Structures are given as structure tokens and as C-alpha cells.
Trainee: 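One structure follows; several queries about it will come next.
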Number of protein chains: 4
Amino acid sequence: MKKTQVAAASVPDRRRELLDTAAEVFAAHGYNATTVRRIADTAGMLAGSLYYHFDSKESMVDEILSTFLDELWQGYDAVLGAGLGPRETIEALVTESFREIDRHRAAVAIYQKESRHLAAQPRFAYLTESQRKFEQAWLGTLQRGVAEKAFRADLDVRLAYRFLRDTVWVAASWYRPGGQHSPEEIARQYLSMVLDGIAVRDT
Amino acid sequence: MKKTQVAAASVPDRRRELLDTAAEVFAAHGYNATTVRRIADTAGMLAGSLYYHFDSKESMVDEILSTFLDELWQGYDAVLGAGLGPRETIEALVTESFREIDRHRAAVAIYQKESRHLAAQPRFAYLTESQRKFEQAWLGTLQRGVAEKAFRADLDVRLAYRFLRDTVWVAASWYRPGGQHSPEEIARQYLSMVLDGIAVRDT
Amino acid sequence: MKKTQVAAASVPDRRRELLDTAAEVFAAHGYNATTVRRIADTAGMLAGSLYYHFDSKESMVDEILSTFLDELWQGYDAVLGAGLGPRETIEALVTESFREIDRHRAAVAIYQKESRHLAAQPRFAYLTESQRKFEQAWLGTLQRGVAEKAFRADLDVRLAYRFLRDTVWVAASWYRPGGQHSPEEIARQYLSMVLDGIAVRDT
Amino acid sequence: MKKTQVAAASVPDRRRELLDTAAEVFAAHGYNATTVRRIADTAGMLAGSLYYHFDSKESMVDEILSTFLDELWQGYDAVLGAGLGPRETIEALVTESFREIDRHRAAVAIYQKESRHLAAQPRFAYLTESQRKFEQAWLGTLQRGVAEKAFRADLDVRLAYRFLRDTVWVAASWYRPGGQHSPEEIARQYLSMVLDGIAVRDT
DNA sequence: CATGAATGAGAATTCATTCAT
DNA sequence: GATGAATGAATTCTCATTCAT
């Protein structure tokens with residue numbers, strides 16, 4: 001009985017397993033520098049065998065990135081639809097982002113490093129689209145925050161947007177899941193720096 | 001005589017010119033994805049001809065990165081040796097960094113994207129070394145700042161270090177020299193966010 | 001009991017069915033360009049499953065071609081043994097050929113396109129042998145026809161042989177069974193052209 | 001001086017030389033079955049080296065076929081524009097065709113065997129276009145011939161067209177330039193058979 | 001200094017085939 | 001009988017690099 005369950009579950013599992021392996025290798029060495037052979041080696045099979053499961057190396061990144069982005073946007077949309085104030089929205093988005101980094105570190109790292117080149121291909125148009133929604137979400141919240149006097153009026157909002165965006169996502173390049181800080185803890189620290197600064201207040 | 005002078009002067013100039021071209025292409029497409037042919041095309045010559053000037057593709061990045069780092073450290077060392085307080089040191093380092101981004105945007109972008117894998121090769125050991133000095137300079141200043149109560153005592157200093165470091169350098173990926181903001185202006189804005197936060201203070 | 005009968009009968013039927021499918025695909029795309037997977041797809045199974053029925057892709061063409069040639073030679077031998085005059089023999093051979101094209105269009109097309117390279121392998125020696133018998137039958141009949149003054153004395157007989165042979169078999173490349181002309185009708189037209197020419201006679 | 005001439009001429013010559021080699025191999029083994037390595041071997045170089053001269057295997061056949069068709073149509077257009085009667089037009093077209101077979105045997109053989117598959121790709125649309133012009137030229141001439149009572153009224157003209165077309169071009173599969181018959185001689189014999197038939201006339 | 005031509009070591013991908021289930 | 005997964009050899013193509021001219 002258990003066997004049946006396992007078998008039933010194992011159909012998509014093999015795929016997922018291989019994609020996780022691929023994501024790890026892509027993240028470590030970069031998409032271009034990663035050979036299909038290396039992925040296969042890591043997965044314990046021959047290069048050609050990967051093609052039973054995937055059409056191409058490209059379709060592997062594709063599936064990795066789109067799966068990640070789907071999940072990311074589920075989280076983001078929940079936050080954005082929750083009717084929070086600007087500061088709380090930023091806090092929630094940052095926290096959600098670190099949770100995603102925790103869950104999909106490899107995918108995030110790939111997204112960081114490769115999305116620019118990949119987005120040039122029609123197949124990856126959704127990367128550009130995601131980028132756009134991203135900007136809209138963060139920039140909009142910042143602008144609302146300035147309007148509602150939650151954020152400083154003297155900020156260059158576009159600069160602040162880039163600052164926030166990069167600050168959060170670059171973390172994927174050094175973050176190691178299972179380390180001493182939980183994603184929530186890191187988010188709290190980041191938010192503290194971003195919102196209140198690192199300088200002691202001159203009161 | 002003039003000719004000799006011109007010739008003498010133009011030899012390194014040609015080199016520099018080609019390196020600038022190469023840096024631009026490396027920055028735009030990534031080191032691996034950049035073919036020697038593409039660099040040559042951009043420079044208006046054939047791929048093989050580049051080998052009159054350089055030993056290899058690798059030696060091109062090498063020269064690009066080491067030239068950049070040499071200049072960077074000249075600036076950093078001046079700042080670090082000036083006997084400034086922690087906050088002023090951070091301000092000066094950030095400003096200096098944005099000036100470097102302004103002057104060597106391509107080199108900085110390459111450094112960002114490629115230094116991790118390149119550093120694995122002995123030839124690029126200086127990248128790791130630079131990284132170390134980097135960390136020492138920033139982390140040390142932050143720690144001094146906490147000790148001297150210039151920076152908040154409740155910070156995770158390592159986290160703050162990464163935060164600062166990434167925040168500054170990632171800018172190379174979107175910065176365009178000759179835009180509306182001078183590097184000093186951008187530095188001022190960044191520092192304002194980093195030091196005082198983006199939130200309105202509750203006075 | 002009935003089941004056994006059906007099963008007994010359906011074993012070779014399934015084989016035939018699969019061979020027909022394979023022949024169709026081979027004819028449409030060429031032997032080399034046809035993947036086992038494509039045959040299997042067309043037959044509604046997976047590539048590996050074909051290997052329950054056949055040893056190899058090669059053995060599929062083999063069976064297709066040899067089955068066809070067996071039947072062809074049965075017809076030819078009947079004609080050649082019937083004691084007809086040269087003109088009548090040619091007429092009968094041409095008619096028989098068009099009937100074969102009608103019945104085994106795919107096999108004929110494969111034979112046309114692939115027999116040359118296949119014949120290089122020992123396994124397909126019978127193709128060369130068939131070729132030889134072919135030449136003997138047609139060339140012999142033509143020579144007999146010239147001797148008996150049924151055919152023009154001024155012909156280059158070898159040329160005429162190739163002319164006839166090609167003329168007939170190439171038809172397999174455009175012939176569609178079930179079209180407006182019956183094979184006998186097409187044979188009649190071909191024979192009319194071949195025997196009497198297309199020009200109006202100047203009498 | 002001679003050297004300069006040779007050098008000046010050798011630029012396109014190398015290309016042509018390689019294309020001739022490629023055409024020969026394609027014709028002998030089929031486009032698909034021909035590996036790039038084999039072409040390179042025959043040309044005395046390594047497979048990769050071919051890519052200095054050509055973009056792809058496909059672009060090699062492309063150039064082979066289009067060069068051939070260009071020349072063919074030059075000849076055909078001259079014939080078609082000469083204002084000849086139907087019979088003379090057919091005679092001239094057939095003769096011209098055998099001359100082309102003599103000059104471009106390999107290209108013709110490739111055209112015969114591969115144009116059907118190749119024509120499916122947009123890049124080879126000109127094959128379909130050529131096919132169309134072809135049909136128009138031959139079929140038109142035949143119809144005119146019937147109307148002007150040069151050709152028999154009881155012919156199925158479409159059948160006669162295919163008959164003529166195949167009859168002529170298939171010759172490329174066995175024709176060897178430099179054999180005992182000149183192309184003009186072969187054309188004469190073919191025309192004699194096609195126009196007047198192989199049977200002795202009942203006077 | 002630069003070109004044209006080639007090398008040779010991979011790279012991604014394809015495919016006939018095998019085999020345990 | 002058929003499936004799913006894998007193998008391994010071959011194929012096209014890429015690219016850094018070399019070198020005679």
C-alpha cells in the first residue's frame with residue numbers, strides 16, 4: 001500500500017528532484033558555465049538521460065524560474081491584497097522575500113544572475129513581466145508611503161526602490177538555509193537598517 | 001621623432017582601448033558568454049588579431065580587473081589612512097565607491113558577476129585577497145563605529161556589512177554614467193538611507 | 001476457443017499493422033530521418049515497446065522490403081513465364097508494376113529512395129540480387145524485342161532500360177492510391193507514351 | 001604574378017571547392033546520412049573547420065541547391081524566351097536539362113532526393129517556387145503542343161508532364177560525366193523515345 | 001599589426017536500444 | 001504487451017587558440 005503511494009507520488013518527484021539538482025548547479029556555477037553533463041553527473045546519470053525528462057537545458061531553467069516566480073507571486077499577491085499600510089506592506093514584502101530565499105535559494109540566485117540575459121528570449125518574456133509587476137509593487141508602496149508620510153519626503157523614490165530591491169535579493173548570493181538566522185530574523189534586521197538606518201540617532 | 005613619440009604613446013593606448021571594449025562586452029554579456037570573436041568584432045578586427053595584444057581571453061579580464069582594483073585600493077587606502085571617524089569613513093568609502101562605479105562601470109559589473117568563479121583559479125587569487133581587505137575595511141569601520149557609539153549597538157555587524165557592501169556595488173548593474181545624478185549625489189542619497197533609514201522618525 | 005483463434009490470428013496482424021505504419025512513416029520522411037519514436041507515436045505506443053515486436057529499426061525495413069519484393073517477383077515471374085512476345089511482356093510488366101505501386105506504395109517509395117545505401121549491407125544483399133534479376137528481365141525483353149523487330153533497332157537498349165525502369169518506379173513518389181486513375185489506366189497511358197511517343201505522327 | 005592571380009582567384013575558390021566536395025558526399029549518401037565529419041574528412045580537414053566557411057550543414061546544401069537552380073533557370077529562361085514551337089521547346093528543355101546534369105550531377109541528385117523534405121523549411125521556399133515554375137514551363141509547353149497538334153490529343157497532360165520530368169531528372173542518379181555519351185547524345189536518345197516511342201511503327 | 005584558415009577540445013542534443021517492472 | 005527510465009554512441013556546432021603569410 002505504501003509502495004503504491006510512493007509510486008504514485010514518484011512520477012513528478014523525479015522531475016522535481018532533477019530540477020532541484022539542476023538549480024543547485026546553475027546557482028553555483030552560472031547557467032552558461034553549467035554543462036548538462038555536470039548536472040547529470042550530480043544527479044548520477046548520463047548527460048543524454050536528462051533529455052528523457054526535459055527538452056533542453058533551457059527548459060530546465062525555465063521550469064526552475066517559472067515555478068519559483070509562481071510561488072513568489074502567490075506570496076506577494078497575498079501581501080499586496082491584505083490592505084496594509086505602506087510601512088507594513090514593505091515589512092511584509094521583505095519578510096516574504098526572505099522566506100522565498102530560504103525556500104528557493106538556488107532559484108533566486110539564478111534569477112539574480114541570469115534573468116537579464118534570459119529575458120532577451122521570447123520564451124522568458126515572463127521575466128520581464130515579473131520585473132514590471134515587481135517595480136510596480138515596490139515603487140507604488142514607496143510612493144504611497146511618502147504621500148502618507150510614512151516614509152521620508154526627501155527620498156529619490158526610484159533610487160530607494162533599487163536600493164530595497166537589490167538589498168533584499170542579493171542576500172540570496174550569501175544566504176545559507178539552516179544557518180543561525182531564520183529568514184524572519186534576517187528580515188527583521190534588514191528592515192531595521194532600511195527603515196531606521198544604521199546610525200545612532202542624534203537625540 | 002613625433003612619430004616615435006606617438007607610436008610609443010599609442011602602444012599602450014591601443015591596449016587600453018581594446019581592454020575598454022572588452023570590458024564593455026564582458027559587462028554586457030558575461031565573461032563566459034562573451035566570445036573572443038565578439039570582442040574583436042566590436043573592436044573592428046578579427047578574433048585572431050586580438051592575440052597579438054593579449055595572451056588569452058583570461059588575461060584580458062585579468063588586466064581589466066586588476067587595473068580596476070589597483071585604482072580602487074588607491075582611493076580606499078587614502079580614505080582609510082586619513083584618520084577619519086567611523087561615520088565619516090563610511091561616508092568617504094561609499095562616495096569613493098560610487099566614483100569608481102562612475103569611472104569603471106564595466107569593470108565593477110564584471111567584478112560583481114564573475115569574481116566568485118574566477119577567484120577559484122590561482123591566477124585570480126588577488127580577488128580573494130581584495131575581498132578580504134574589503135571585509136576588513138568595512139567590517140572594522142562598522143565595529144569601531146559601534147564601539148564609539150556612532151552606529152547602533154543592536155546591529156548584527158556582519159549582516160550590516162553585507163548589506164552595505166551589496167547595496168553599494170550592485171548599483172553598478174543599473175548605473176549609467178552621464179545620467180542625471182552625479183556619483184557624489186547618488187552616494188549622498190544612499191548614505192542618507194543607510195545611515196538614517198527611509199522611515200519618517202517619530203519625534 | 002474463439003479467443004485463441006483470434007489471438008492466433010492477431011499476432012501476425014499486429015505485426016503487419018505496425019509494419020504498415022512504419023512503412024508509411026519511412027516513405028514520408030526517409031529511413032534515416034524516421035525515428036523509432038515517431039513510428040511508435042504513430043502506432044500509439046512508446047518507442048521501447050516496438051522492440052517487443054521487432055529486433056531493430058533495420059529489421060523493420062528489412063521485413064517491409066523483402067515482403068514487397070517477394071510479392072513483386074511472384075507477379076513478375078508469372079509474367080515472364082507466360083511465354084508472351086516482347087511487347088506484350090513489357091506491357092504486362094509495366095501493368096504489374098503499377099499494380100504493385102498501388103498495393104505497396106510505401107514499400108515502393110522506400111525501395112526507390114533507400115535501396116541504394118541499404119544494399120551496401122550484407123543483410124540487404126537481396127536488394128542487389130533483385131536489382132540484377134530486374135535488369136535481366138527488362139533488358140532481356142528489350143533486346144528480344146529489338147531482335148524480333150518489335151522495338152526500334154536504333155535504340156540504345158541500356159538507355160531504354162533505365163528510361164523504362166525509372167519512368168515506372170518514380171511514379172511511386174507521386175501516386176496516391178484511390179485517386180482518379182486505376183493502376184491499369186495509368187499503366188495504359190504510360191505504355192502509350194513509352195511505346196508510341198507523345199508526338200503526333202507525321203503520316 | 002601568377003601567384004597574385006591565383007591568390008586573387010582562390011578566395012571564392014576554396015568555398016566552391018568545399019561545396020563541390022560536400023555536394024559529392026551529399027549526393028552519394030544522402031543529406032541526412034552525410035555527417036559534417038565525413039565532408040570534412042573528404043576535404044582533408046576537421047569537422048569544426050568547415051564552420052569557418054559555412055554557417056551550418058544546412059547552409060551548405062542551401063548554397064549548393066540555389067547555385068544550381070540559378071544556373072538552371074538561366075538556361076531554361078533562355079529557352080522559354082526564344083519563341084520556339086512546342087516540340088522544339090521540349091527538345092531544348094530536355095537538352096538543357098541533360099547539360100545541367102552533366103555540369104551539376106551532384107546538385108541534381110541532391111535536388112532529386114532531398115528537395116521534398118527540405119522544401120518544408122522556410123529557408124528552402126525557393127525549392128517550391130522553382131517546382132512551380134518548372135511545372136508551368138513543362139505543362140504549359142505540353143498543353144500548347146496539344147493545342148497546336150504537335151503532341152497527341154489523347155494524352156493525359158499531367159501524366160505526360162510527370163513522365164517527362166521524372167524521366168529526365170532521374171537520370172542524374174546513374175549518369176556519370178565523362179562517360180561514353182555526351183549530354184547532347186543522351187538527350188537525343190531520350191527525346192527519340194519520348195517523342196516517337198520505342199515501338200516499331202506499323203506502316 | 002592584421003588576416004585567413006585551421007585545430008581540437010568540448011558543448012548540447014538525438015536516438016536506437018535495453019531492461020526491470 | 002507495454003511503460004518508464006536509462007545508456008552510450010554519434011552528431012552538429014562553438015570557440016579559444018595558433019600560425020603562416
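Only a predicted model underlies this, so the values are computations on that prediction, with no experimental measurement involved. Proteins get letters first, then strands, A, B, ... in listed order; numbering begins at 1 in each.
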Trainee: Without swapping roles, check the side chain of D:R15 against the backbone of D:H53 for a donor-acceptor pair under 3.5 Å.
Mentor: yes

Trainee: Hey, which sits more toward the 5' end of DNA chain F by its nearest nucleotide, D:S56 or C:G44?
Mentor: C:G44

Trainee: Of the nucleotides E:dA6, F:dT12, E:dA2, which one has an atom closest to the side chain of B:R14?
Mentor: E:dA2

Trainee: Other residues, nucleotides and ligands only: do more than 12 of their heavy atoms fall within 6.0 Å of CZ on A:R123?
Mentor: yes

Trainee: So which one's nearest nucleotide on DNA chain E is more toward 5', B:M45 or C:G48?
Mentor: B:M45

Trainee: Write down the distance between CZ (D:F54) and C1' (F:dT14), rounded to a whole number of angstrom.
Mentor: 17 Å

Trainee: Counting only side-chain N and O atoms of A:Y51, is one of them less than 4.0 Å from OP1 or OP2 of E:dT13?
Mentor: yes

Trainee: If E:dA20 has a Watson-Crick or G-U wobble mate with both distances under 3.5 Å, name it; if not, just say none.
Mentor: F:dT3

Trainee: Tell me: CZ of D:R37 to P of F:dA10, nearest whole Å?
Mentor: 9 Å

Trainee: Closest approach to the side chain of D:Y52, judged atom by atom: which nucleotide of E:dA2, E:dA5, F:dT3 is it?
Mentor: E:dA5

Trainee: Could you check how far CG of A:L18 sits from C1' of F:dG4, rounded to whole Å?
Mentor: 13 Å

Trainee: Rounded off to whole Å, could you give me the CG-to-P distance for the A:L46 and F:dA9 pair?
Mentor: 10 Å

Trainee: Can A:K57 be said to sit on top of A:Y31's aromatic six-ring, NZ or CZ under 6.0 Å from centre and within 45° of the ring axis?
Mentor: yes

Trainee: Distance check needed: E:dA16 P versus C:Y31 OH, whole Å only.
Mentor: 8 Å

Trainee: Closest approach to the side chain of B:S49, judged atom by atom: which nucleotide of F:dG8, E:dA2, F:dT14 is it?
Mentor: E:dA2

Trainee: Sort out the partner of E:dA12 for me: Watson-Crick or G-U wobble, both distances under 3.5 Å, none otherwise.
Mentor: F:dT11

Trainee: Under 3.5 Å, side chain of B:T35 to main-chain N/O of B:R38, donor-acceptor pair present?
Mentor: yes

Trainee: Taking CG from D:L50 and C1' from E:dG8, how many angstroms apart are they, rounded to a whole number?
Mentor: 14 Å

Trainee: Quick check against the 3.5 Å criterion: does B:T67 have a side-chain atom that pairs as donor or acceptor with the backbone of B:E63?
Mentor: yes

Trainee: Could you give the CZ-to-C1' distance, from C:R38 to E:dT17, as a whole number of Å?
Mentor: 20 Å

Trainee: Using atom CG of A:D41 as one end and atom P of F:dT7 as the other, report the distance to the nearest whole Å.
Mentor: 11 Å

Trainee: With a 4.0 Å cutoff (strictly under), does any side-chain N or O of D:H53 reach OP1 or OP2 of E:dG4?
Mentor: no

Trainee: Reading DNA chain E from 5' onward, which residue's closest nucleotide shows up sooner: C:A33 or A:N32?
Mentor: A:N32

Trainee: Looking at every strand, decide which applies to B:T34 at a 4.0 Å heavy-atom threshold: base, sugar-phosphate, or nothing.
Mentor: sugar-phosphate

